[in-house]
Amino acid sequence: MNDTGFQGRRAMQRELTDEFDRVTPFVRSSPKVFTATADDLSVSIAPTLHTKRLGTTGGKVGVDPQDVLQAQEFGGRRMDKRSEVALRRAGILPNGFQTALPENPYPGSDDGRGNIRGAFVAQLISYLQASSEQGYRANMTDKRRKQIHKGTAKTTGRRYFVSYGRLRGHHLAMGVWAASGTHGSDVRPVLMFVRRPMYKPRISMERVARGAGLQDYLDRRVRFRLREALGV
């Protein structure tokens with residue numbers, strides 16, 4: 001049964017790799033096998049980072065792949081990201097909107113897979129005074145913001161600001177922008193505010209399991225294990 005569970009996991013990982021553009025390791029490695037034991041003759045597979053049998057979440061703190069993939073499996077709207085919750089709580093992200101990277105990501109902001117880098121968005125939230133955390137994720141001091149405005153030998157000085165587009169008579173599209181260069185003449189989009197999209201179902205783990213021929217695989221593994229145990 002456990003052999004079959006891991007066979008199903010491999011099929012699910014192939015599905016995630018094939019269906020998504022530049023799938024992240026976080027999502028690709030998310031299917032986990034909850035193995036059978038002598039006391040519990042059942043196997044389950046779930047896209048989760050739970051480290052115990054349907055128990056405590058591990059890996060990325062507070063992020064469960066089941067939440068990430070829910071809109072892809074069932075359609076509808078995706079859940080807010082932690083960064084979106086923080087921006088909305090601070091009154092920066094309007095209700096009914098979520099965030100997206102611009103077509104040409106701001107230098108250093110994306111992870112090469114179409115997602116914003118965690119360290120970058122944490123700095124952005126801190127700069128915008130939208131963080132409710134302590135320590136290195138706390139809101140920036142004025143001194144630190146001035147350092148970012150000035151830049152360093154390795155980074156260009158920049159100033160972040162928010163535009164609300166036509167909602168408030170701004171000429172730039174809704175989102176967070178960065179101004180750099182002489183007198184802030186180089187203005188580029190950093191994080192766009194877009195209306196909550198409606199997703200269509202793209203994956204079905206149940207369909208993948210049915211198409212993987214797991215019953216036939218289980219029968220063959222049972223025969224193999226019996227021959228192995230009996231030495232025939």
Novice: Quick one: do I125 and I148 end up in the same hydrophobic cluster if we chain Ile, Leu, Val, Met, Phe, Trp and Tyr together by side-chain heavy atoms under 4.5 Å apart?
Specialist: yes

Novice: Give the intermediate values and the outcome of side chain to side chain contact (heavy atoms under 4.5 Å, CB included) for residues F161 and V187.
Specialist: CA-CA 10 Å; F161 64 96; V187 178; 4.0 Å; yes

Novice: R144: which residues meet the side-chain hydrogen bond (donor to acceptor under 3.5 Å, both in side chains) condition with it, sequence neighbours left out?
Specialist: Q147

Novice: Mind checking what makes side chain to side chain contact (heavy atoms under 4.5 Å, CB included) contact with P102, not counting sequence neighbours?
Specialist: P189, M192

Novice: Working to the nearest 0.5 angstrom, can you tell me the gap between M205 CE and Q72 CD?
Specialist: 10.5 Å

Novice: Would you give the length of the straight line joining atom CZ of R9 to atom CD1 of I45, rounded to the nearest 0.5 angstrom?
Specialist: 9.5 Å

Novice: How close do A179 and G184 get, counting heavy atoms only, and between which atoms?
Specialist: CB-O, 3.8 Å

Novice: Would you confirm whether S126, through its side chain, and A138, through its main-chain N or O, come within 3.5 Å as a donor-acceptor pair?
Specialist: yes

Novice: Are Q98 and R78 side-chain neighbours, meaning at least one heavy-atom pair lies under 4.5 Å?
Specialist: yes

Novice: Hey, are the side chains of F97 and L87 touching, using non-hydrogen atoms and a 4.5 Å cut-off?
Specialist: no

Novice: Residues in ring-ring contact (aromatic ring centres under 6.0 Å, His included) with F20, at least two apart?
Specialist: none

Novice: With salt bridge (charged side-chain N to carboxylate O under 4.0 Å, His left out) as the rule and sequence neighbours excluded, what pairs involving residues 212-221 come up?
Specialist: D3-R221, D216-R220

Novice: Is there a side-chain contact between Y164 and F193 in this structure, where contact means two heavy atoms from C-beta onward sitting under 4.5 Å apart?
Specialist: yes

Novice: How far does OG of S131 sit from CG of L124, to the nearest 0.5 angstrom?
Specialist: 11.5 Å

Novice: Working to the nearest 0.5 Å, report the span between CE of M140 and CG of L128.
Specialist: 9.0 Å

Novice: Okay, side chain of R77, backbone of R196: is any donor-acceptor separation there less than 3.5 Å?
Specialist: yes

Novice: Can you name the residues that form a salt bridge (charged side-chain N to carboxylate O under 4.0 Å, His left out) with R145, not counting sequence neighbours?
Specialist: none

Novice: Verify, without hydrogens or angle tests, whether R28 (side chain) and Q13 (backbone) share a donor-acceptor contact under 3.5 angstrom.
Specialist: no

Novice: Can you get from V208 to L69 by hopping between Ile, Leu, Val, Met, Phe, Trp and Tyr side chains that sit under 4.5 Å apart?
Specialist: yes

Novice: Once side-chain hydrogen bond (donor to acceptor under 3.5 Å, both in side chains) is applied, do any residues pair with T155, and if so which ones, sequence neighbours excluded?
Specialist: T152

Novice: Is it the case that one hydrophobic cluster holds both L101 and V162, taking links as side-chain heavy atoms less than 4.5 Å apart, direct or via other members?
Specialist: yes

Novice: By salt bridge (charged side-chain N to carboxylate O under 4.0 Å, His left out), which residues pair with E103, not counting sequence neighbours?
Specialist: none

Novice: Side chains of E73 and S204: does their closest heavy-atom pair fall under 4.5 Å?
Specialist: yes

Novice: Is there side-chain contact between L16 and P31, with at least one heavy-atom pair below 4.5 Å?
Specialist: yes

Novice: So, do V222 and L218 sit near enough that their side-chain heavy atoms are less than 4.5 Å apart?
Specialist: yes

Novice: Could you tell me whether E206 atom CD has more than 12 heavy atoms of other residues or ligands within 6.0 Å of it?
Specialist: no

Novice: Membership question, hydrophobic clusters at under 4.5 Å side-chain separation (ILVMFWY): are F6 and V43 in the same one?
Specialist: yes

Novice: Could I get the full list of side-chain hydrogen bond (donor to acceptor under 3.5 Å, both in side chains) partners for T4, not counting sequence neighbours?
Specialist: none

Novice: Nearest heavy-atom pair of G175 and W177: which atoms, and what distance?
Specialist: O-CD1, 3.4 Å

Novice: Please list all pairs passing the ring-ring contact (aromatic ring centres under 6.0 Å, His included) test where one or both residues lie in residues 109-129, with sequence neighbours left out.
Specialist: Y127-H149, Y127-Y160

Novice: Find the distance between OH (Y106) and CG (L191) and round it off to the nearest 0.5 Å.
Specialist: 13.0 Å

Novice: Is it the case that the side chain of D110 and the backbone of R117 share a donor-acceptor pair, with hydrogens and angles ignored and the cut-off at 3.5 Å?
Specialist: no

Novice: List in chain and number order the residues that pass side-chain hydrogen bond (donor to acceptor under 3.5 Å, both in side chains) with R188, two or more places apart in sequence or in another chain; answer none if no residue qualifies.
Specialist: D186

Novice: How long is the gap from CG on N115 to NZ on K81, to the nearest 0.5 Å?
Specialist: 6.0 Å

Novice: Considering residues, nucleotides and ligands other than M79, do more than 12 of their heavy atoms fall under 6.0 Å from its CE?
Specialist: no

Novice: Where is the tightest heavy-atom contact between S180 and G157, given as atom of each residue plus distance?
Specialist: CB-O, 3.1 Å

Novice: Do any pairs count as a salt bridge (charged side-chain N to carboxylate O under 4.0 Å, His left out) and have a residue in residues 10-22, sequence neighbours left out, and if so which ones?
Specialist: E15-R207

Novice: Under 4.5 Å between any side-chain heavy atoms of V121 and T99, yes or no?
Specialist: no

Novice: Does one hydrophobic cluster hold both I92 and I116, with members joined at side-chain heavy-atom distances below 4.5 Å?
Specialist: yes

Novice: Keeping to residues at least two apart or across chains, list the side-chain hydrogen bond (donor to acceptor under 3.5 Å, both in side chains) pairs with something in residues 86-97.
Specialist: D80-R88, R89-S132

Novice: Restricting to non-hydrogen atoms, name the atom on M174 and the atom on G165 that form the minimum distance, rounded to 0.1 Å.
Specialist: CG-N, 3.7 Å

